[in-house]
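A short write-up of the structure that comes next.
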Amino acid sequence: MRIGEFRVSLQCLFGEGVDDVSFINYFKHSIMALHIINHPMIQHKLTIMRKKETGTREFRELLKEIGMLMGYEVTRDYPLKNVEIETPMQKMVAHELAGRKTVLVPILRAGLGMVEGMLTLDPTAKVGHIGMYRDEKTHEPVFYYYKMPEGKDRLVIITDPMLATGGSICDAVRRLKSDGYSRIRVMCLVASPEGIKRVQSEHPEVDIYTAAVDEGMNEDCYILPGLGDAGDRIFGTK
Ligand code: PRP
Ligand code: URA
């Protein structure tokens with residue numbers, strides 16, 4: 001697709017008022033499907049989370065903070081529109097978010113840990129929920145809950161700290177697509193190369209945001225070196 005065509009399709013999505021900065025951000029974003037967010041603050045916090053001696057309270061707090069920091073990247077290409085406002089000094093043209101509110105969709109349970117941080121950044125976002133857990137023997141996801149707000153044209157951001165085999169994310173994306181959603185992003189914390197490959201091959205249009213790509217997985221499909229069982233570490237189970 002050429003740049004001119006790209007601009008036209010962007011205007012179809014967000015209307016005539018899209019400004020040049022939004023256009024360039026969206027264009028840059030769309031040619032990069034895997035976003036590794038290696039900001040020093042995020043990497044430092046992730047290292048503390050990985051340590052086996054880090055307790056539930058600190059782990060949960062750090063995940064919330066990282067959720068907010070990663071949110072800056074995930075929302076970087078959000079379109080803006082011009083609005084006329086008046087400061088105490090004079091009138092000016094300022095910027096305001098354009099388009100419909102985003103839907104954050106945590107995959108239960110561990111995905112919940114990233115939602116609060118994202119909501120700190122974007123308090124008006126809607127929140128859907130997808131419930132699934134991995135069967136301990138087959139490692140296949142088992143689906144148990146689905147609830148989404150109205151508005152299939154909204155941008156959907158799936159949150160789940162661990163992208164291991166990719167089975168859970170792929171099933172979640174499939175379910176959302178079959179329900180009519182087409183603008184979907186994935187925000188995780190640690191991903192395996194196998195999981196990324198699977199999501200990219202089954203859902204090539206879905207952008208993945210992660211703070212780390214680890215070495216691989218063990219025979220139980222846990223990420224190595226990873227950080228262990230994210231759900232258990234967030235909620236203090238086990
Ligand atoms: C974990 C994690 C992902 C899934 C990743 O959830 O939070 O949802 O495993 O694995 P996959 O990429 O191989 O599908 P888990 O099944 O442990 O459920 P929980 O969050 O309720 O603990
Ligand atoms: N789920 C987790 O919580 N951790 C892993 O390493 C893999 C799946």
Side-chain angles (χ1 to χ4, degrees), residues 33-34 36 45-60 62-64 66-67 70 74 103-118 127-148 156-177 184-204 206-238:
L34 175 65
I36 300 168
K45 289 174 194 290
L46 174 58
T47 299
I48 302 172
M49 291 181 73
R50 286 184 190 271
K51 291 181 183 173
K52 63 180 181 189
E53 63 271 23
T54 299
T56 297
R57 182 177 166 181
E58 196 178 6
F59 189 92
R60 196 187 290 147
L62 289 163
L63 186 57
K64 177 182 148 188
I66 292 180
M70 287 184 72
V74 180
V103 191
L104 307 175
V105 184
I107 297 185
L108 307 180
R109 295 173 299 165
L112 286 171
M114 301 179 96
V115 168
E116 209 183 323
M118 277 294 286
V127 182
H129 292 88
I130 295 182
M132 52 174 69
Y133 66 89
R134 276 196 335 179
D135 180 273
E136 281 183 14
K137 288 206 175 72
T138 65
H139 309 126
E140 289 298 321
V142 181
F143 181 86
Y144 62 85
Y145 187 73
Y146 181 85
K147 183 85 178 172
M148 287 290 288
V156 173
I157 300 174
I158 299 174
T159 65
D160 191 334
M162 309 309 278
L163 172 53
T165 64
S168 303
I169 292 290
C170 283
D171 273 17
V173 173
R174 202 170 301 117
R175 175 77 198 232
L176 287 163
K177 281 184 182 172
I184 302 171
R185 292 178 185 175
V186 169
M187 180 173 154
C188 54
L189 181 63
V190 179
S192 76
E194 298 89 331
I196 291 170
K197 203 167 159 202
R198 178 163 172 190
V199 176
Q200 288 187 327
S201 93
E202 291 188 25
H203 304 288
V206 170
D207 278 28
I208 301 170
Y209 294 78
T210 186
V213 179
D214 274 12
E215 288 162 19
M217 290 182 285
N218 68 8
E219 61 281 4
D220 292 323
C221 294
Y222 273 82
I223 298 175
L224 296 175
L227 48 72
D229 189 306
D232 284 346
R233 295 197 67 182
I234 294 167
F235 295 108
T237 42
K238 211 171 230 174

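Just so it is clear, the structure is predicted and the values come from calculations on it, not from any experiment. When a ligand or atom number is given, it counts from 1 through the structure's own listing order.
Near Tyr133, with a cut-off below 4.0 Å to any heavy atom, the atoms of ligand 1 are 16 (O). Taking a cut-off of under 4.0 Å to the non-hydrogen atoms of Arg134, the atoms of ligand 2 that pass are 7 (C), 8 (C). Below 4.0 Å from some heavy atom of Ala110 lie the following atoms of ligand 1, by number and element: 7 (O), 20 (O). Which parts of ligand 2 touch Cys221 is read off a 4.0 Å heavy-atom cut-off, strictly below it: atoms 7 (C). Ligand 1 places these atoms under 4.0 Å from at least one heavy atom of Gly231: 22 (O).
Between Met132 and ligand 1, not a single N/O pair is under 3.5 Å apart. For ligand 1, one of its N or O atoms has an N or O atom of Arg109 under 3.5 Å away. Residue-to-ligand polar distances keep Ile169 apart from ligand 1: every N/O pair is separated by 3.5 Å or more.
A cation-pi contact links Arg134 to Tyr222, judged by a cut-off of 6.0 Å to the six-membered ring centre and 45° from its axis. Remark: Arg175 qualifies as a cation-pi partner of Tyr146 under the 6.0 Å distance and 45° angle criteria applied to the six-membered ring.
Scanning the protein for heavy atoms near atom 5 (C) of ligand 2, the closest one is Tyr222 CD2, 3.4 Å. For atom 15 (P) of ligand 1, the nearest protein heavy atom (residue, atom name, distance) is Arg134 N, 4.1 Å. Looking from atom 14 (O) of ligand 1 to the surrounding protein, the closest heavy atom is Ser168 OG, 2.5 Å. Atom 6 (O) of ligand 2 has as its closest protein heavy atom Ile223 N, 2.8 Å. Protein heavy atom closest to atom 17 (O) of ligand 1, with residue, atom name and distance, is Asp229 OD2, 4.0 Å. Ranking the protein heavy atoms by distance from atom 3 (O) of ligand 2 puts Ala230 N, 2.8 Å first. Counting protein heavy atoms only, atom 13 (O) of ligand 1 is closest to Thr165 OG1, 2.5 Å. Residue, atom and distance of the protein heavy atom nearest to atom 4 (N) of ligand 2 are Gly228 O, 2.8 Å.
Counting heavy-atom neighbours within 6.0 Å of Glu194 CD, excluding the residue itself, gives a total above 12.
The distance from the CD1 atom of Ile157 to the CE atom of Met187 is 7.5 Å, given to the nearest 0.5 Å.
Side-chain contact check for Val103 versus Met148: some heavy-atom pair is nearer than 4.5 Å. The shortest distance between side-chain heavy atoms of Ile234 and Leu63 falls below 4.5 Å. Put simply, the side chain of Val213 reaches to within 4.5 Å of the side chain of Ile36, judged on heavy atoms.
Of the options Asp160, Ile223, Ile107, the smallest heavy-atom separation from atom 2 (C) of ligand 1 is shown by Asp160.
Residue Ala230 places no heavy atom under 4.0 Å from ligand 1. Residue contact annotation: Met162 has a non-hydrogen atom under 4.0 Å from ligand 1.
Counting only N and O atoms by type, the side chains of Asp214 and Ser192 include no donor and acceptor under 3.5 Å apart.
Checking atom 6 (O) of ligand 1 against the protein gives no heavy-atom contact under 4.0 Å.
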Open item on the list: Between Leu227 and Phe59, does the side-chain contact (heavy atoms from CB on, under 4.5 Å) criterion hold? Intermediate values first, please.
Closed with: CA-CA 10 Å; Leu227 48 72; Phe59 189 92; 3.9 Å; yes

- [ ] List the steps, then state whether side-chain contact (heavy atoms from CB on, under 4.5 Å) holds for Ile158 with Leu176.
- [x] CA-CA 10 Å; Ile158 299 174; Leu176 287 163; 3.7 Å; yes

TODO: In sequence, state the C-alpha distance, the side-chain angles, and the governing distance for Arg109 and Asp160, and then conclude on salt bridge (charged side-chain N to carboxylate O under 4.0 Å, His left out).
DONE: CA-CA 8 Å; Arg109 295 173 299 165; Asp160 191 334; over 6 Å; no

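In summary, of the residues considered (Val190, Thr54, Leu62), a side chain to side chain contact (heavy atoms under 4.5 Å, CB included) with Met49 occurs for Leu62 alone.
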